[in-house]
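Convention: sequence-line order gives letters A, B, ...; per-chain numbering from 1.
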Protein chains: 2
Amino acid sequence: MPFTYEYPRPAVTVDCVVFGLDQGVLQLLLIKRNSPPFAGCWALPGGFVDQNETLDAAARRELEEETGLREVFLEQLFTFGDPGRDPRGHTVSVAYYALVRQDRHVPQAATDTSDAVWYSVAKLPKLAFDHQRIISTAVARLQGKVRYQPINFELLPRKFTLTELQGVYEAVLERALDKRNFRKKILAMGLLAETKEKQQGVAHRAPQLYQFDAAKYKKLTKQGFNFEL
Amino acid sequence: MPFTYEYPRPAVTVDCVVFGLDQGVLQLLLIKRNSPPFAGCWALPGGFVDQNETLDAAARRELEEETGLREVFLEQLFTFGDPGRDPRGHTVSVAYYALVRQDRHVPQAATDTSDAVWYSVAKLPKLAFDHQRIISTAVARLQGKVRYQPINFELLPRKFTLTELQGVYEAVLERALDKRNFRKKILAMGLLAETKEKQQGVAHRAPQLYQFDAAKYKKLTKQGFNFEL
DNA sequence: GAGTCTTAGTGTACAGTACACACTAATAGG
DNA sequence: CCTATTAGTGTGTACTGTACACTAAGACTC
């Protein structure tokens, strides 16, 4: 026991707000709790931080254990530590938010042991602990972040059309955007590379597929560029 | 003991990055450590979170205990939890940043028991733990925040001149601003109220004193206004 | 293969904002 | 009263944000 500590310690957990996108609607991945407290309630995936584990690692570990998701975009959100938030005792939760590509949406079948289900952000069930508050914080953060950092690509398959991308922005920001202006701005950033492909199997003019140029983004970021929408 | 926990728990601490302003230079409040580890080193004020104490309360308590400062602007910054950051064992630190009014700069004499000293942000001594990293994060956050939230008032006395305010922005952003454009923008926000006073005892035209209209700020914020500089 | 349906893709004009820039006004001190 | 010092003010120009409507292309139907 490395510390001598005069009071009982608060415990440390991580919780992940996982955003996905289905049919242009912003979704959240929730877990059904099996054990008390809040047994039977829906909750964010998460759990205790192990000794000698970074917070990021704990978040990724819990995410994989409970949902099967790996190698997603993951960023620290905020830390919630009110004494009353867990009826078992004082628990400090470091919250993360994650963005998951549509083509990697793990369907329920793939995570058969756990009850991980996607819910539309607009229609969430009653949640355990203070998870509703954590989600509200995450939504606000996402809306703020999207304005000056191109993270919405993380919610789409690697190749996507501009209309799809606009849909993501609209879903996140909860308002309509002008098509022509959106295209102008997003292309002006210079972070999108045309692929040689067009989308197949649509009953109308086939749209161009683009992909996000991560290398260029890294380079421009280092030079202190801003990517305001 | 409310939890059964299979591993030894990481401990939870808070650390405060306290910004002040002296002669137009951005300053940081540091504490000299008396005990190991890092005895004799400079460090951020902070300490363990008590059971059944909110994180905010812990930060305020530690700040007052170690520096005498009360009722300052205080906001959560980021949580640092790398296992190696404290040689005694795994410690998760919830970092805060605070802004202190110039007229409330507690001089060293007022905190006679502790060694709290203001250092220019540009010339910091070697610091304990990962506190240098925490400070870098705080500076970046402050620079970002200042662009869209009027928090710089927190660094000035209640009544201040526009030139002083401009100086704060310049100190934080580390670049010069145009006087006329700055005045236009900052007055256009509508958050400054002229006082009936002018600054006394200056060997030149006496400048108008202003104060921040907190009520108006609250009202406009609720209406979703932006305060970009 | 002509016609229809549906979404892709494109340009311009106007308003508002950002930015560069230089002189007069007022006060204290000598 | 003269000097030194900072306060305080307006305009023109470039750029950026925004509103807005039509043609292009592919798939399916008959």
Practice prompt. Return the orientation label for the B:F212 and B:F153 ring planes: parallel under 30°, perpendicular over 60°, tilted otherwise.
Written response: parallel
Response to the item:
CG of B:L209 to OG1 of B:T195, rounded to nearest 0.5 Å, is 4.5 Å
Worksheet entry | Length of the CG-C1' vector between A:L187 and C:dG11, whole Å | 14 Å
Worksheet, complete the sentence: Between CG of B:N181 and P of C:dC21 the distance, given in whole Å, is 11 Å
Worksheet item: Closest to the A:H204 side chain: C:dT7, D:dG8, D:dC20?
Response: C:dT7
Worksheet entry | Pairwise 5' ranking along DNA chain D for A:A203 and B:D178, keeping only the more 5' one | B:D178
Fill in: Contact summary for A:L21 and A:A171, nearest pair of heavy atoms
CD1-CB, 4.3 Å
Worksheet entry | Whole-Å gap separating P (D:dT6) and CD (B:Q200) | 18 Å
Worksheet item: How long is the line joining NZ of A:K184 and P of D:dC15, in whole Å?
Response: 16 Å
Worksheet item: Looking only at heavy atoms, what is the nearest atom pair of B:A95 and B:F80, with distance?
Response: CB-CE1, 3.8 Å
Discussion item. Between P on C:dA8 and CZ on A:R205, what's the gap in Å once rounded to a whole number?
Written reply: 10 Å
Worksheet item: Is any side-chain N or O of B:K179 under 3.5 Å from a base N or O of D:dG8, one able to act as donor and the other as acceptor?
Response: yes
Worksheet entry | Donor-acceptor pair present, A:R180 side chain and D:dA21 base, under 3.5 Å | yes
Discussion item. Rounded to whole Å, please give me the gap between CG in A:L177 and P in D:dC20.
Written reply: 15 Å
Item to complete: Examine C:dA8: is either OP1 or OP2 under 4.0 Å from a nitrogen or oxygen in the side chain of A:T163? Give yes or no.
Response: yes
Worksheet item: Looking at A:Q211, A:E197, A:E164, which one forms a side chain to side chain donor-acceptor pair (under 3.5 Å) with A:K159?
Response: A:E197
Discussion item. Can you measure A:Q199 atom CD to D:dA25 atom C1' for me and round it to whole angstrom units?
Written reply: 14 Å
Fill in: Base C:dT7 paired with A:K198 side chain (donor-acceptor, <3.5 Å)
no
Item to complete: Please state how far atom CD in B:E228 lies from atom C1' in D:dG17, giving the value in whole angstrom units.
Response: 13 Å
Worksheet item: Hey, does A:K185 reach any base, or is it just sugar-phosphate, or nothing, if we go heavy atoms under 4.0 Å?
Response: sugar-phosphate
